[in-house]
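Right, one structure below, let's go through it.
It should be emphasised that the depicted structure is a prediction, and the values quoted were computed from it without experimental measurement. Numbers here simply count residues along the sequence, with the first being 1. Heavy-atom basis, side chains included; hydrogens, waters and symmetry copies ignored.
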Amino acid sequence: MSVLDTIKKEGLMKAYNYLDKNPEENLPHIMDWVDKYSMGMFKSQRQLVNDVLADKDSPWYKLLVSLWTKVDPEVRKTIFTNFVINAGVLGMQRQNEVREKENCNVPWAILLDPTSACNLHCTGCWAAEYGDRLNLSYEQLDDIITQGKALGTYMYIYTGGEPLVRKDDIIKLCEKHNDCAFLAFTNSTLIDEDFANEMLRVKNFVPAISVEGFEEATDFRRGKGTYQKVRNAMKLLTEKKLPFGVSCCYTSKNATEIGSEEYIDALIEWGALFCWIFTYMPVGVNAVPELIATADQREYMYRQVRKFRENKPLFTMDFWNDGEYVNGCIAGGRYYLHINANGDIEPCAFVHFSDSNIKDKTLLEAYKSPLFMGYHDHQPFNDNYMQPCPILDNPDAIEEIVDNCDCKSTDLECPEDVHTLTDKTRNAAENWAPVADKIWNTEYHKKRNARVQHK
């Protein structure tokens, strides 16, 4: 760490200690410190946070204040240090330096599959096709994180398979890389008392629990009894003051439930601090295209999420409908990428094509590969940020990128041609386009103009 980085870190820790003394009173001033050390990065996103903190009646303000009653103090401090300072301010500065020097994308976060094994068999999930044969060794995971940190990446998100099949290695990595923030998309059925105590000890691991709605919808997709196991895990985490969120995938079958006020209120009551919302992607041989949400359902989610942000103390992020905040697609290393349990480095968790593997390429070499440079050179894939995705919204884009580079399908059981994939999404893209245009050309530009006038 340079002298300047040390000064920045010490300054931000002073800000945290100041905040810790009286969070309700001092929260509005915290972003002054972050702005001071952010080097102009993520200006529009920081302005949104500033707007929230300026309004003490805002539900998100109340959510932030609640962290001082709901989260263990040492866990909260560690997450601030690793997520805000290391992954945020210092990490993004380093990422930008590498981007400029190497003329390629460098991700803010890396998704890792420690294993392809899973203890569930969810309807429409590609993970089950891989079986339990694939695993990244502890040494490989450690090397990825070490390389990533050198390039400024301090945020690591475990996917799978079910990542908690590898509980012991995950905790060891949290210990060794105690300057990183770790999160896992997990079905939570393997979270028990011993593992919760380990989370409390290492302090830098947060689960995002996958739940598909209430009991009937969750058990329909994940298997009978799963919902009750999920609720038991949430109760255990709440008792130990460990932060957690939820990961919700809406489909044509459950969109109304996922987007209902009743469901959002339940998540808040259960103790979730954030909700990451995904839409179903028909990836893999066992995909069920009928589960793709309709254009009306996607618009419904767009409107519901924005309504909840106005009046619910839950941080919500909709990865397909929030392109306006991040200027389109974030994959391909622009903000994140995915490494599967075979070591294949993929642009996105839903893009099962690769021209690089960690066993024979460094991360930086992968970022400069034809596949990743295809993303770099084509982003954003649409001038309308309500159509960010190259698979679900702009299928011609992913076809062009994959066709023009020497990459392979990473589906080991049944390799999928990119055109076979896009055949399943093209109709959804065509149906969503006019809805997206309506939102973009009216509501989005109205909001943008209002923000400009406010400034």
### Query
So does Asp72 pair up with Lys203, basic N to acidic O under 4.0 Å?
no

#### Entry: Gln387 side chain reached by Asp437 side chain, heavy atoms, under 4.5 Å
yes

### Query
Which residues satisfy the side-chain contact (heavy atoms from CB on, under 4.5 Å) test with Thr256, sequence neighbours excluded?
Tyr300

### Task
Output yes when a side-chain donor or acceptor of Ser409 lies under 3.5 Å from a complementary backbone atom of Glu416, and no otherwise.
yes

### Summary
Those residues at least two apart in sequence (or on a different chain) that pass side-chain contact (heavy atoms from CB on, under 4.5 Å) with Asn232 are Lys235

### Message
Suppose we screen for side-chain contact (heavy atoms from CB on, under 4.5 Å). Which residues come up paired with Lys253, at least two apart in sequence or across chains?
### Response
Thr251, Leu291

### Task
List in chain and number order the residues that pass salt bridge (Lys or Arg N to Asp or Glu O under 4.0 Å) with Glu299, two or more places apart in sequence or in another chain; answer none if no residue qualifies.
Arg303, Lys438

### Query
Any side-chain heavy atom of Lys149 within less than 4.5 Å of one from Tyr156?
yes

### Message
Within this structure, what is the CD-CG distance for the pair Gln95 and Leu151, rounded to the nearest 0.5 Å?
### Response
9.0 Å

### Query
Okay, side chain of Tyr158, backbone of Ile170: is any donor-acceptor separation there less than 3.5 Å?
no

### Task
Say whether, by atom type as modelled, one donor and one acceptor occur between the side chain of Thr410 and the main chain of His352 under 3.5 angstrom.
yes

### Message
I'd like to check the ring pair (Phe, Tyr, Trp, His ring centres under 6.0 Å) partners of Phe274; sequence neighbours left out, ordered by chain and number.
### Response
Trp276

### Task
Evaluate the side-chain proximity of Leu63 to Phe315: yes if any heavy-atom separation is below 4.5 Å, no if none is.
yes

### Query
Can you tell me how far the CZ atom of Phe381 sits from the SG atom of Cys329, to the nearest 0.5 Å?
5.0 Å

### Query
Roughly how far, to the nearest 0.5 Å, is CG of Leu111 from CG of Leu183?
9.0 Å

### Query
Taking side chain as C-beta onward, heavy atoms only, is Leu363 less than 4.5 Å from Thr153?
no

### Task
Answer with yes or no after comparing the ring centroid distance for Phe214 and Tyr263 against a 6.0 Å cut-off, counting only values under it.
yes

#### Entry: ring pair (Phe, Tyr, Trp, His ring centres under 6.0 Å) involving Tyr367 - partner list, sequence neighbours excluded
none

### Query
Should the ring pair Phe80 and Tyr16 be called parallel, tilted or perpendicular, given that the plane angle runs from 0 to 90° and is split at 30 and 60?
tilted

### Query
Can you check whether Leu112 reaches Phe182 side chain to side chain, under 4.5 Å on heavy atoms?
no

### Query
Are any side-chain N or O atoms of Asn204 and backbone N or O atoms of Ala181, one a donor and one an acceptor, separated by less than 3.5 Å?
no

### Task
Report yes or no: do Asp344 and Asn340 form a side-chain donor-acceptor pair below 3.5 Å?
yes

### Message
Between Asn178 and Val202 (side chain of the first, backbone of the second, donor and acceptor by atom type, cut-off under 3.5 Å), is there such a pair?
### Response
no

#### Entry: Lys307/Glu310 ion pair, N-O < 4.0 Å
no

### Query
Under 3.5 Å, is there a donor-acceptor pair between the Arg94 and Tyr154 side chains?
no

## Note on the structure
Thr186 and Ser188 have their tightest heavy-atom pair at OG1-N, 2.9 Å

### Task
Measure the CD1-CG distance between Ile330 and Leu337 for me, rounded to the nearest 0.5 Å.
10.5 Å

### Task
Identify whether the distance between the nearest side-chain nitrogen and carboxylate oxygen of Asp192 and Lys229 falls below 4.0 Å.
no

### Message
Going by side-chain hydrogen bond (donor to acceptor under 3.5 Å, both in side chains), name the residues that satisfy it together with Arg334, two or more places apart in sequence or in a different chain.
### Response
none

### Nearest atoms (heavy-atom pairs only) where Pro390 meets Ala397
CB-CB, 4.3 Å

### Query
Is there a donor-acceptor contact under 3.5 Å from the side chain of Asn254 to the main chain of Cys249?
yes

### Query
Between Leu371 and Ser354, what is the shortest heavy-atom contact and its length?
CD2-CA, 3.7 Å

#### Entry: Interatomic distance, Phe308 atom CZ to Ser260 atom OG [nearest 0.5 angstrom]
6.5 Å

### Message
Can you confirm whether Lys77 sits close enough to Asp20 that some side-chain heavy atom of one is under 4.5 Å from a side-chain heavy atom of the other?
### Response
no

### Query
Under the 3.5 angstrom rule, does the side chain of Tyr302 hit a backbone N or O of Ala436 as a donor-acceptor pair?
no

#### Entry: Short side-chain to backbone donor-acceptor contact, Ser116 and Gly161, under 3.5 Å
no

### Query
Of the non-hydrogen atoms in Asn105 and Gly332, which two are nearest, and what is the gap between them?
ND2-O, 3.2 Å

### Asp377 CG: over 12 foreign heavy atoms closer than 6.0 Å
yes

### Under the side-chain hydrogen bond (donor to acceptor under 3.5 Å, both in side chains) test, residues paired with His378 that sit two or more places apart
Glu400

### Query
Is it true that a side-chain atom of Glu162 and a backbone atom of Asn187 form a donor plus acceptor pair closer than 3.5 Å?
yes

### Closest approach of Arg99 to Cys104 (non-hydrogen atoms, all atoms of both residues)
CG-O, 3.3 Å

### Message
Taking ring pair (Phe, Tyr, Trp, His ring centres under 6.0 Å) as the definition, give me every residue that meets it alongside Phe278, ordered by chain and number, with sequence neighbours left out.
### Response
Phe185, Phe319

### Query
Below 4.5 Å, heavy atoms only, C-beta onward: do Thr279 and Gln297 meet side chain to side chain?
no

#### Entry: side-chain hydrogen bond (donor to acceptor under 3.5 Å, both in side chains) partners for Asn321, two or more places apart
Arg298, Asp318

### Query
What pairs with Pro243 under side-chain contact (heavy atoms from CB on, under 4.5 Å), at least two apart in sequence or on another chain?
Val71, Val75, Ile79, Val206, Leu273

### Message
Please tell me whether His338 and Asp113 have a donor and an acceptor in their side chains that are separated by less than 3.5 angstrom.
### Response
yes

### Query
Looking at Gly259 and Gln304, what are the two nearest heavy atoms and their distance?
O-NE2, 2.7 Å

### Message
The criterion is side-chain hydrogen bond (donor to acceptor under 3.5 Å, both in side chains); which residues satisfy it with Lys62, sequence neighbours excluded?
### Response
none

### Query
Do Asp179 and Asn86 have side-chain atoms, one donor and one acceptor, less than 3.5 Å apart?
no

### Query
Is there side-chain contact between Tyr280 and Val288, with at least one heavy-atom pair below 4.5 Å?
yes

### Summary
Separation between SG (Cys275) and CD1 (Ile209), nearest 0.5 Å, reads 12.0 Å

### Query
Within the distance-only criterion (no hydrogens, no angle test), does the side chain of Asn17 pair as donor or acceptor with the backbone N or O of Met13 below 3.5 angstrom?
yes

